[in-house]
Amino acid sequence: MTFDRSIKIAPSILAADFANFGAEIQAVEAQGADWIHVDVMDGHFVPAITFGAQTCKAIRPHIKTIMDVHLMISPVDAYLEGFAEAGADFITAHVEAGPHIHRTLQNIRSLGCKAGVALNPGTPASAVAELMDMVDLVCVMTVNPGFGGQKFIDMTAKVRELRTMIGDRPIHIEIDGGVDPTTAPLVAGAGADVLVAGSAVFRGGSVADPAPYGVNLKAIRAAASAAL
Ligand code: DX5
Ligand code: ZN
């Protein structure tokens, strides 16, 4: 996996058919998805519960691109090995999920995965200032985590601040929540390169009729690229 800052769109399977993840992943990749974003929720750190490492392992063979696992769970550390064994490429933990994010990131890298740190909308960029040499991705939440389909919260200033903080380091800036063709240019223009999108990718399509996934992906990519 070579590092680059080109725009990558990561559909969140939170917006896919939960009874049909394998086929949904194959369909959305065939329509042009760059990464697959996998939202793990525990009903404790966030209100909803989705699924865990066993589901990640089951869907892994269907992913040809990158498996981007977003852990909205607390505590985190005891579960990392399971997600690494499930085949995650990136594992992202929240800076708010516990007192030892530094240790969590060390653990993720020692398991052979790329390490990501996520910031809730209420958390400033400075919260990750000491972590710049131990992360491969910073995820800026543009909704309060827990549900798909929420309204975008403008975090453009935070993205700019992170972009400056990152400098030449090979660290992705990922945006998660409310990304669509209207909001994508704001964050792409500020320096984000990975755009997670759930509802804006999966709306209007299905495994039986996947063409709308491609139309939706193209619209987000075109809008983001126009801002560069
Ligand atoms: C929110 C999740 C997001 C979510 C994005 O808690 O982390 O990945 O699925 O969904 P949309 O694009 O619908 O806001
Ligand atoms: Zn997510």
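Order of listing sets the numbers, starting from 1, for every ligand and every atom in it.
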Looking only at the side chains, is there a donor atom on one of [X] and [Y] sitting less than 3.5 Å from an acceptor on the other?
| X | Y | answer |
| --- | --- | --- |
| His100 | Asp77 | no |
| Thr104 | Asn107 | no |
| Glu174 | His172 | no |

Identified side chain to side chain contact (heavy atoms under 4.5 Å, CB included) partner of Met134 from the options Ile108, Val128, Leu105:
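Among Ile108, Val128, Leu105, the one meeting side chain to side chain contact (heavy atoms under 4.5 Å, CB included) with Met134 is Leu105.
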Distance from [atom] to nearest protein heavy atom, with residue and atom:
| atom | answer |
| --- | --- |
| atom 12 (O) of ligand 1 | Gly198 N, 2.7 Å |
| atom 6 (O) of ligand 1 | Gly146 N, 2.8 Å |
| atom 1 (C) of ligand 1 | Phe147 O, 3.5 Å |
| atom 14 (O) of ligand 1 | Gly178 N, 2.8 Å |
| atom 13 (O) of ligand 1 | Ser199 OG, 2.4 Å |

Which of the ligand 1 atoms, numbered from 1, are nearer than 4.0 Å to a heavy atom of [X]:
| X | value |
| --- | --- |
| Gly148 | 10 (O), 13 (O) |
| Pro145 | 6 (O) |
| Gly177 | 14 (O) |
| Asp176 | 2 (C), 3 (C), 4 (C), 5 (C), 7 (O), 8 (O) |
| His37 | 8 (O) |
| Met41 | 6 (O) |
| Ala197 | 12 (O) |
| His70 | 7 (O) |

Apply salt bridge (charged side-chain N to carboxylate O under 4.0 Å, His left out) to the pair Asp136 and Arg169, showing each step before the final yes or no.
CA-CA 9 Å; Asp136 304 288; Arg169 295 177 182 90; over 6 Å; no
For the residue pair Tyr213 and Phe202, does the interplanar ring angle fall in the parallel (under 30°), tilted (30 to 60°) or perpendicular (over 60°) class?
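Perpendicular: the ring planes of Tyr213 and Phe202 meet at over 60°.
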Would you check whether [X] has a nitrogen or oxygen atom less than 3.5 angstrom from a nitrogen or oxygen atom of ligand 1?
| X | answer |
| --- | --- |
| Gly149 | yes |
| Ala200 | no |
| Met72 | no |

Minimum-distance pair of heavy atoms, taken over all atoms of Gly148 and Leu14:
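Closest approach of Gly148 to Leu14: N-CD2, 3.7 Å.
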Could you tell me whether Lys114 and Asp68 have a side-chain N and a carboxylate O separated by less than 4.0 Å?
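Salt bridge: no.
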In plain terms, say whether Lys151 and Asp180 are close enough for a salt bridge, that is, a side-chain N and a carboxylate O under 4.0 Å apart.
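Salt bridge flag = no for Asp180 with Lys151.
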Residues that Asp209 engages under salt bridge (charged side-chain N to carboxylate O under 4.0 Å, His left out), provided they are two or more places apart
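By the salt bridge (charged side-chain N to carboxylate O under 4.0 Å, His left out) rule, Asp209 matches no residue at all.
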Is there a path of hydrophobic side-chain contacts, each under 4.5 Å between heavy atoms of I, L, V, M, F, W or Y residues, that connects Ile25 with Leu217?
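Both belong to a single hydrophobic cluster.
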For the backbone of Thr156 and the side chain of Asp154, can you confirm whether one donor and one acceptor N or O come within less than 3.5 Å of each other?
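Indeed, once roles are kept as given, a pair shorter than 3.5 Å links the two residues.
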Nearest 0.5 Å please: distance from the SG atom of Cys139 over to the CG atom of Leu119.
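Interatomic distance, Cys139 SG to Leu119 CG, rounded to 0.5 Å: 8.0 Å.
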How many protein N, O or S atoms sit closer than 2.8 Å to the Zn ion (ligand 2)?
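Under the 2.8 Å cut-off, the count stands at 4.
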With ring centroids as reference points, do Phe21 and His62 lie under 6.0 angstrom apart?
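No: the rings miss the under 6.0 Å criterion.
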